[in-house]
Amino acid sequence: MEFKNKFSLKVPMIYGELDPKDKVPYPLTLNEAQQFLEDVLKMSDISQRLERNRLDFLDEFIHKMNMRQPFNSIVQLSAESIRDIKPPTLEECKSDILRGLGGACFRLNTFSKALLDLYGFRTYHVGGSNIMDPIYDSHCAIIACDVSYPGSRHIVETGSVFPVSGAIPIDFEDQSPVYEFSKRKFKFVKGDHGVVWLCIQVTKPYGRSSSRLPEGVFRSEGLAWKLHLCYWTSVPRSRTYFLDRIKYRYRFPSVVPFILEGARLHARRDHGTSFLIASAGDKFALKNTSDSGNVVPQIITEVEFLDFIAKEFPQYPRWMVVNAIRNSGYIRKMNNYSRL
């Protein structure tokens, strides 16, 4: 397989100890966790199910988190003024998720790790990077250990723009089986140094016959696949590390513009529908993948944007969405100026 030679990456710099003890505890109690599972995720018989099959419990938890906690930048951008946008505290992260507001990877995956730890799972955080990211560990993810058997490891992803609806075992040799969710096919491929890549099947514009593929795209068994995100599965990170890491996103929003340059909301439904609704300050779009995995976004007005969110996602007050639209427009203009 040519993948490893073509897309191997250097090991990221190690900041501090491996698998360090968290200096900052997550403010979640077992009572709050149980109430969240029962009232928000609608999961019942928690203790019995954990005793019966921990992997099934984990799969359902991941699936329901992805269904009920939208991946979005609205919460991050909803301050009254752009000057008030700042990294969230762990207490704020917890509060947002208990109210169903979701967030980006840091909010969702730190909450999920804390909850799983309360129920006896052995987990650690790892960083992730998109192939075009200028910095390491722009993404915060989770590895769960010893779930299927002693020594097993699974990627746990409740805070990704791309829907991963269950725990992904990473004990495969080179490539995982192909998964499908919301009309999108994806798989995981091992690289060097403990890197595991999430790869998305590409249907356009690179077909089976094309011999020239752009950077980040490779061919496997006659199909084209695009590298989406790499996980540094052998480099454990702490919450303290990511609390420090996310400061860069807020201090220098052009470093990872995907999060703060637009008011975005990605959501999934149990029947397979996936929504993307996004604003770039003065432009608005809606993409609904209920019928096909490759849908051209529909251009909509600001009123239609606000009305759609009010109807489909009433947990977001209108003022919150309006602020996010305004602030994302300011940030986008600042980033464009910094790129001159």
Side-chain angles (χ1 to χ4, degrees), residues 1-9 62-63 66 71 104-105 127-134 136 138-139 141 155 157-170 172-233 256-259 261-262 264-269 271-278 280 285-299:
M1 178 183 173
E2 298 180 357
F3 174 86
K4 289 186 178 180
N5 292 331
K6 187 173 182 181
F7 299 113
S8 61
L9 298 177
I62 295 169
H63 177 76
N66 276 287
F71 182 97
C105 61
S129 302
N130 185 279
I131 191 173
M132 299 304 293
D133 285 347
Y136 288 120
S138 59
H139 179 67
I155 293 174
E157 190 64 274
T158 62
S160 172
V161 65
F162 191 81
V164 179
S165 58
I168 304 296
I170 54 175
F172 52 86
E173 187 67 27
D174 289 313
Q175 301 186 28
S176 75
V178 175
Y179 301 91
E180 183 173 1
F181 184 77
S182 192
K183 309 298 189 295
R184 300 296 299 275
K185 292 184 178 181
F186 59 97
K187 65 180 178 179
F188 293 80
V189 178
K190 286 186 176 177
D192 297 328
H193 310 301
V195 168
V196 175
W197 283 95
L198 165 60
C199 305
I200 303 171
Q201 184 179 332
V202 178
T203 55
K204 293 180 181 181
Y206 326 114
R208 292 173 177 266
S209 60
S210 175
S211 58
R212 297 184 62 185
L213 296 173
E215 182 179 3
V217 177
F218 68 99
R219 196 177 303 283
S220 174
E221 299 179 353
L223 299 174
W225 299 85
K226 181 177 177 58
L227 303 177
H228 177 69
L229 183 72
C230 77
Y231 298 90
W232 308 99
T233 63
V256 187
F258 168 76
I259 297 296
E261 276 199 358
R264 306 167 61 91
L265 187 148
H266 301 254
R268 298 104 194 184
R269 294 290 188 258
H271 46 72
T273 300
S274 180
F275 294 115
L276 161 61
I277 184 163
L286 169 65
K287 184 175 181 180
N288 183 334
T289 61
S290 59
D291 300 318
S292 169
N294 295 285
V295 179
V296 176
Q298 175 188 353
I299 304 302

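Note that the structure is predicted; figures quoted are calculated from it, not measured.
Counting heavy atoms from C-beta outward, Ile200 and Arg184 have side chains that approach closer than 4.5 Å. Taking 4.5 Å as the limit, some side-chain heavy atom of His139 sits within range of a side-chain heavy atom of Tyr231. In this structure, Val217 and Trp225 have side chains that are not in contact, with every pair of non-hydrogen atoms separated by 4.5 Å or more.
Taking each heavy atom of Ser220 and Phe218 in turn, the nearest pair found is CB-CE1, 3.9 Å. When every heavy atom of Glu157 is checked against every heavy atom of Ala141, the shortest pair comes out as OE2-CB, 3.9 Å. Val178 and Lys185 make their closest contact through CG1-CB, 4.0 Å (heavy atoms, listed as atom of the first residue, atom of the second, distance). Residue Lys187 comes nearest to Pro177 through the heavy atom pair CB-O, 3.6 Å, listed as atom of the first residue, atom of the second, then distance. Pairing each heavy atom of Leu229 with each of Gly128, the nearest pair is CD1-C, 4.2 Å. When all heavy atoms are compared, the tightest approach of Gly159 to Phe71 is O-CE1, 3.5 Å.
With Ile155 as the fixed residue, the side chain to side chain contact (heavy atoms under 4.5 Å, CB included) test singles out one of Ile170, Val164, Ile62: Ile170.
Under a 3.5 Å cut-off, the side chain of Asn130 and the backbone N or O of His228 do form a donor-acceptor pair. Using modelled atom types, no side-chain atom of Ser129 and backbone atom of Cys230 make a donor-acceptor pair closer than 3.5 Å. Put simply, the side chain of Lys190 gets close to the backbone of Phe172: a donor and an acceptor are under 3.5 Å apart.
Partners of Leu276 by side chain to side chain contact (heavy atoms under 4.5 Å, CB included), not counting sequence neighbours, listed by chain and number: Arg264, His266, Ala278, Lys287.
How far CD of Glu180 is from CZ of Phe186: 9.0 Å, rounded to the nearest 0.5 Å.
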